[in-house]
Amino acid sequence: MAEERSLNFLEEIIEKHLEEGKYQHIVTRFPPEPNGYLHIGHASSICLNFGLTKKYPGYTNLRFDDTNPVTEETEYVESIKNDVKWLGFEWKHELYASDYFDTLYEYAIKLINLGLAYVDDSTSEEMASLKGTPTEPGKPSKYRDRSIEENLDLFVRMKNGEFPDGARVLRAKIDMAHINMLMRDPIIYRIKHAHHHRTGDKWCIYPMYDFAHGQSDSIENVTHSICTLEFVPHRELYDWLIEKLEIYHSHQYEFARRNINYTVTSKRKLLQLVNENHVSGWDDPRMPTISGLRRRGYTPDSIRDFCERIGIAKRENMIDVSLLEFCIREHLNKIALRKMVVFDPIKVVITNYPEGEGELLSTENNPEDPSTGHRDLQFSREILIEKDDFMENPPKKYFRLSPGSKVRLKSAYIIQCDEVVKNEAGEVVELHCSYFANSKSGEDVSGIKVQGTLHWVNASSAIPVEVREYDRLFRVEDPTDEAGDFKEYLNPDSLKVVKGYAEPSIKHANAADRFQFLRKGYYCLDTESKEDALVFNRTVTLKDGWAKEQKKN
RNA sequence: UGCCCGAUAGUAUAAUGGUAGUACGACAGAUUUUGGUUCUGUUUGUCUUGGUUCGAAUCCAGGUCGGGCAACCA
């Protein structure tokens with residue numbers, strides 16, 4: 001029984017349209033510019049656009065808004081396609097605004113013939129000064145009243161490559177005194193002698209966003225063109241162009257982009273982090289990019305769940321990253337295979353366990369999913385436990401090992417700490433313990449009650465692994481809201497590389513596997529991992545109730 | 001100074017003139033061979049001032065606050 005979820009404002013609009021018969025089915029599109037990698041904010045838009053046509057009759061296209069050849073690359077196209085697929089969505093058509101360059105050019109000619117566009121020879125400085133300000137009207141350019149014939153001639157020559165970059169532009173002729181700055185004769189075509197990733201050198205004039213996006217929507221019969229709030233003022237121009245061109249009227253709807261604290265979601269800023277080597281690349285596991293999250297170990301399910309939970313609205317927002325972490329923990333708790341890995345080890349010698357002997361102990365692969373079965377762990381006289389799991393002078397409510405105390409070793413025996421061995425510097429280097437042979441997991445008849453259970457590995461068979469522990473990329477909630485450059489607020493401790501000692505079964509790890517290192521967190525193999533030098537990424541820690549308890553004091 | 005968008009617990013999001021809910025977080029407790037998971041409980045909210053109405057988070061008016069608008073970017 002599916003839970004009733006209330007409709008977001010877009011679903012309400014669509015249901016109304018469907019009920020009224022305005023549309024039989026809907027068409028949406030996800031329209032990235034291939035000038036960077038997709039991030040978690042885009043995931044929200046992807047889930048929205050594709051989710052809508054999963055819920056209602058219709059389909060969603062993937063359309064690349066590739067109208068600015070100087071910033072766009074095929075590498076980005078490929079990464080975007082890969083990310084959308086990975087998130088679990090299928091587009092109906094793979095489309096490019098550049099597919100419409102011929103049509104768009106014809107539309108421009110039409111506008112000129114209608115007396116609604118003109119070629120302007122002004123420099124960008126001149127145009128800016130004539131544009132006015134939000135409170136003062138602009139003034140007309142001296143080229144504004146050129147004849148249709150002259151405009152046609154100049155525009156064709158622009159297309160033919162007769163003029164250098166920036167020499168002339170084509171502008172829509174609307175109203176230089178318009179209250180909406182975007183309606184003050186916006187530039188619709190500019191000259192760029194640049195190689196385009198798809199059309200090559202065919203064109204040296206390229207349409208601006210406003211002259212490409214709405215028309216592309218129209219050509220594709222998009223019914224609901226969903227974008228973010230910063231495009232609200234563009235809607236007037238969007239509608240104006242469609243109406244003057246007398247083409248299919250698609251409609252634009254805006255929602256607030258999703259912001260997440262302790263990170264940035266702006267392709268421009270993410271590009272800077274990559275270019276200036278603050279991170280190792282677009283897929284650095286600390287990046288909020290889809291590829292970064294993927295490498296970090298996030299699952300598509302968890303990201304979709306997150307997007308659903310944060311919802312869609314029109315107000316400014318700053319989503320707490322703890323919700324993202326909740327979503328991935330919830331999913332990983334169900335699917336991750338449990339492993340025991342000791343990070344900062346201290347040796348434990350079980351003095352009453354026979355020397356040179358050992359045994360295999362069975363443990364569950366995932367207590368949340370019995371179908372994953374059990375595996376064997378090797379146990380012997382010498383094991384490794386976490387240094388943190390021993391304290392010589394423990395505080396109250398410390399459930400772990402301390403002189404004289406008893407703990408259970410997970411899936412093994414209860415041990416008692418008898419002796420603390422120190423070096424000359426007074427540091428604890430080894431613990432001597434005794435075990436209770438009748439306390440074996442599953443057949444415990446010792447009657448001993450312990451409060452703590454520790455993870456451990458067999459000293460002689462543990463294998464070393466590298467583990468990369470990630471923390472938030474920035475030290476402040478909103479780096480873009482702080483004084484100075486946002487990069488000053490990078491968290492210097494966002495990456496820590498540590499060594500761990502893992503149970504031998506870890507050798508069979510596959511790239512797709514998700515692990516829970518018991519009592520530590522969730523991990524996955526990094527792309528740089530090698531068979532003889534395993535590297536793990538920490539996706540997210542487990543919730544740590546003890547750390548919380550300690551913070552209180 | 002103009003125009004546009006918005007304002008509900010710490011965060012996000014519902015309630016569409018009729019009991020202000022849900023999730024995350026926080027806090028407390030129960031269970032637990034992971035201080036995990038699970039379960040239970042608690043806490044905190046309608047920006048403000050008026051108006052309409054039997055009744056307003058919702059409708060109206062004024063104000064306040066936040067965001068956006070002057071790229072040959074998208």
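- If you check B:rU8 for Watson-Crick or wobble pairing at under 3.5 angstrom, you find it has no partner at all.
- For an aromatic pair to be called close, the ring centres must be under 6.0 Å apart, and A:Trp456 with A:Phe379 satisfies this.
- Listed nucleotides B:rC73, B:rG2, B:rU34 differ in distance to A:Pro134; the shortest reach to its side chain belongs to B:rG2.
- Counting any heavy atom pair closer than 4.0 Å across all strands shown, A:Glu368 reaches a base atom.
- Taking the side chain of A:Val232 as heavy atoms from C-beta on, and the options B:rC72, B:rC4, B:rU37, the nearest nucleotide is B:rC4.
- Between A:Tyr100 and A:Tyr107, a ring centre-to-centre spacing not shorter than 6.0 Å is recorded.
- Separation of atoms CZ (A:Phe515) and OH (A:Tyr523) is listed at 12.5 Å; rounding is to 0.5 Å.
- At a threshold of 4.0 angstrom between heavy atoms, the contacts of A:Ile312 are confined to the sugar-phosphate backbone, with no base atom among them.
- Nucleic acid contact for A:Lys397: base, since at least one base atom lies under 4.0 Å from a heavy atom of the residue.
- Listed nucleotides: B:rU34, B:rG35, B:rA74. Nearest to the side chain of A:Pro367: B:rU34.
- The side chain of A:Glu33 lies closest to B:rC73, out of B:rU37, B:rA14, B:rC73.
- For A:Arg258, whose side chain is taken as the heavy atoms from C-beta onward, the closest listed nucleotide among B:rC69, B:rU13, B:rG35 is B:rU13.
- When distances are taken from the side chain of A:Ser322 to each of B:rC24, B:rA74, B:rU33, the shortest belongs to B:rC24.
- The backbone N or O of A:Asp185 lies less than 3.5 Å from a partner atom in the side chain of A:Arg171, making a donor-acceptor pair.
- Side chain of A:Asn333, nearest nucleotide from B:rA74, B:rU37, B:rU34: B:rU37.
- Backbone-only engagement by A:Arg309 is indicated by non-hydrogen atom pairs under 4.0 Å involving sugar-phosphate atoms exclusively.
- Across all strands, A:Thr71 comes closer than 4.0 Å to no nucleic acid atom at all (heavy-atom distances).
- In this structure, of B:rG36, B:rG6, B:rC72, it is B:rG36 that holds the atom nearest to the side chain of A:Arg338.
- Distance from the side chain of A:Arg315 is smallest to B:rU8 among B:rU8, B:rC72, B:rU34.
- Using a 4.0 Å cut-off on heavy atoms, the residues of residues 167-179 of chain A that approach RNA chain B are A:Val169, A:Ile179, listed by number.
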